[in-house]
Amino acid sequence: MADVYDPQAIEQRWQTRWDVEGTYQVENDDPRPHWYTLCMYPYPSGSAHMGHVRNYTFGDVIVRYRTMNGYAVLSPMGFDSFGLPAENAAIKTGRHPREFTDERIVQLRSSILRIGAVYDWRRQVTSHSPEYQRWTQWIFLKFLEAGLAYRRNAPVNWCPGCQTVLANEQVLADGTCERSGDAVEKRDLNQWFLKITDYAQQLLDDLDGLDWPERVKTMQRNWIGRSEGAEFSMPFTDGSGNLIEGVAALQVFTTRPDTAFGMTYAVMAPEHPLVADIVSEDQRRAVEDFIALARQSSDVERMSSEGSLDKRGVFTGAHVRNPFTGRPVPVYLADYVLMGYGTGAIMAVPAEDQRDWDFAMAHGLPIIRTIATPEDFDGEAYTGDGVHVNSEWLDGMAKDEAIEAAIAFLEREGIGEGRINFRLRDWLVSRQRFWGCPIPVVHCASCGVVPVPVEQLPVLAPDDVEFLPTGESPLRAHEGFLHTTCPSCGAAAQRETDTMDTFVDSSWYFLRFTEPWNDDSPFSAAAADSWMAVDQYIGGVEHAILHLMYARFFTKALSDLGVAPAGLREPFTRLFTQGMIRLGGDKMSKSKGNLVAPEEILDAQGADALRLAHMFVGPPQDDVDWEGVGIDGCARFLQRVWRLAQGEVGQLPIQRERSPRDVEILRSCHRLIVKVDEDFERWSYNTAVASFMEFTNELYRYVQSEQGPEAGTLAECVDTLLLLMAPMAPHITAELWEMRRGGHIHLERWPEADPALLVVDTVTLVVQVNGKVRDRIEVDAAISEDAARDLALASEKVQSFLEGAEIRKVISRPPNLVNLVV
RNA sequence: GUCGGAGUGGCGGAAUAGGCAGACGCGCCAGCCUAAGGAGCUGGUGCCCGCAAGGGCGUGGGGGUUCAAGUCCCCCCUCCGACACCA
């Protein structure tokens, strides 16, 4: 047997076979227990990069492991094929984004195949396919019908150069457009929103039941941003406290109603609708200048702490009556108060809020402490707990008690109530883009917004379009697309030209995978029921908030709308987020130009070595530096396994009675089974690889030992090693298995450890004196506490350290450890 | 600023429930094999003292709990990540 390990030939052969034989195709009615493994479907960017390789290798290991363990495993793959890069390329080259995208899908798909990852390709889903668009639009209309989709005026990022709205991600840190470099402005536009805020509380609560990384859950909790407090109203007055008639009262939200006696002014957001009504004549000019300034400045400028605070706020000339004291306080505008959160207005308590403190100092406003500060406190605003002072009927109370009392007061007076606020906003899904899924409505002069009838779906963007260098969506200028008739009254009407955010596509693709051929609905509840929720979802931590939050929202909403099963409240039971790949400290990325092409490694050392190297380099959730990925070591290891399995190492096996040495290696073999199972379950692939290496080293010593290997023992050890390695190194193990045993290793059952071989009868007892190891003694595993102690005391080495000193205490933890304290 | 995560040999990392720190790999050193070795095989390799036997020190720093701490508690430092005028 002189076959050389030739990864290229082997890998190609097996990849073809898995594909042709449909090894990993699975039916919905498969009688085996179901398991759904999913890697986040990729944006088709061309050939796979190392991040893809890492991601899909993890997924593939699970697919193969679960399959060998007797599960019907759903392992689909698709492409998140709408998005900006294709459109930008179209603007540059004039080519239709579909051509560009389809080419890249072919590239990416073939490089995913080359790493040996297996999928049920019959289920492939692409966001831009007409069928998928049809059902995305169908879902949108369901949402619209249910009031979960709505249109309203909203301030958006507007690029004057591109003549279009930009997503927040497209605005650079300095407030300029990533494409044109122009300064991005705020503009009010009529935009489509999805009402994710309806689900804020559920999205928060249901996090508790998910087996997700704690940091991802924390990020989602912060993003949802629940805060408890009170909302109440304050009537506008003049400077002496006389009520101003005909103006609505000012609504404010606060988490600290207990500090209201310390309110020395109030602040409204510059965009607040009441501003025009309450500004005094002598302040009108200053207020208008301030509003204009705030409007021009980008969010980034506004959020920064740069710039002096006295310039960032202005007195309105109006006052409101503090309901707690009955006295008027001045009302200011300041850009640190945001219209989008709470009520867009606050009561300001400088003594107990640092930001209010800073503003008060800059504007010469009074500061009244309402909570006694601790003795050693030398800060400015004090936000901790303490006894209330200067607060009349709240005096003497602690924080929590006082909050309750203050809310009770507001409710009694009928001016406010306890209130929960969320930071989460409704999801703005409108994009003024061409390469996205069109929003399926028409605008009719007499009927208003009218949904496109479902039998007319999908609404597809036309092919004969010209991409303008300005970046403006060609849909807006396409007469054939634009003009239509109103489905309701039949009069001439205009199509909506906004397309949906691509996150909409990725919010339900995992459901479509359960039944991608369904022609009557996006998926049937039965199909969803048979596979959902996804048992293991795998992807990058960069999606911790947006994608994972939107997908959760869609699942809940579709469940409530009766599209998805009623009991399906969460899409992803278990989530794993892999670390990033870096090179020399930088994130590996196209824009940084520091990519290492997987192809070169696949050509040289092969997919199995590359996969193994990714598994071995460190904990999967940690970032990895490519420098640390030891491809050569892994390739060398696979060579060792190859030679061992081919019988090229050591003495020829013979048939004979099993010796203690043979049994010893068998024990190692069965311990390995247990170890690998444990490691796979806890995502500790790096240590699993280490134990493969360790066992292989042991086998090398075994076959090279004087006694030589016993045939049956060696065969069992090598076969078991191959089976355990099959998920990680699928090609080489399949090849060796076929050569040795015939048949297909990936259809074999996962090995089970023989309990009899796991029983250990001797153990190394560690003997410590004052916690320092002084001796090691081989003992019976069932040794008693007393026997262990006696053995320890009898040890010569131990005696020399005791030097006759009095033993104060003996800790005996048989069979592992005895500690003698002197 | 707030919230998370992390800090262990020359390097990547291991130590799963408080019980032998450094598994496994890389690198390096030596031996074998060889015409040769950028192949293969065997062994060694935390630091310090010592010819050795042996001993001491050692998981970012400081303190604590414990018979016993990389692991638990308190304080501090550094790095990474997320959110950042959220009322």
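The chains referred to below are lettered A, B, ... by the order of the sequence lines, with proteins before strands, and numbering in each begins at 1. Side chains are part of it too, since the values below use all heavy atoms of this structure and drop only hydrogens, waters and symmetry mates.
Two rings, from A:Y685 and A:F616, have their centers 6.0 Å or more apart. Between A:W427 and A:F503, the ring center distance fails the sub-6.0 Å criterion.
B:rG10 and B:rC47 have their P atoms separated by 7 Å, with the value rounded to a whole Å.
Contact annotation for A:R221: no contact, since no heavy-atom pair falls under 4.0 Å across all strands. At the heavy-atom level, A:N697 lies under 4.0 Å from the strands shown only through sugar-phosphate atoms. Using a 4.0 Å heavy-atom cutoff across all strands shown, A:Q639 reaches no nucleic acid atom at all. Within 4.0 Å of A:N816, counting heavy atoms only, lies no atom of the nucleic acid at all. Residue-level contact check: A:Y700 touches the backbone only, with heavy atoms under 4.0 Å from sugar-phosphate atoms and none from bases. Residue-level contact check: A:R808 touches neither bases nor backbone, having no heavy atom under 4.0 Å from any strand. Residue contacts shown for A:R419 are absent, as no nucleic acid heavy atom lies under 4.0 Å away.
Contact annotation: side chain of A:R813 to base of B:rG19, donor-acceptor pair present below 3.5 Å.
Of the candidates B:rA87, B:rA21, B:rG40, the closest approach to any side-chain atom of A:S227 belongs to B:rA87.
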> For nucleotides 9-18 of chain B, read 5' to 3', which letter fits each nucleotide if B means a protein heavy atom sits under 4.0 Å from the base, S means only the sugar-phosphate is that close, and - means neither?
Replying inline: ---BSSSB--
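Side-chain polar atoms of A:Q251 and A:E231 form a donor-acceptor pair below 3.5 angstrom.
The side-chain contact (heavy atoms from CB on, under 4.5 Å) test with A:D775 is passed by exactly one of A:V767, A:V818, A:L791, A:V769: A:V767.
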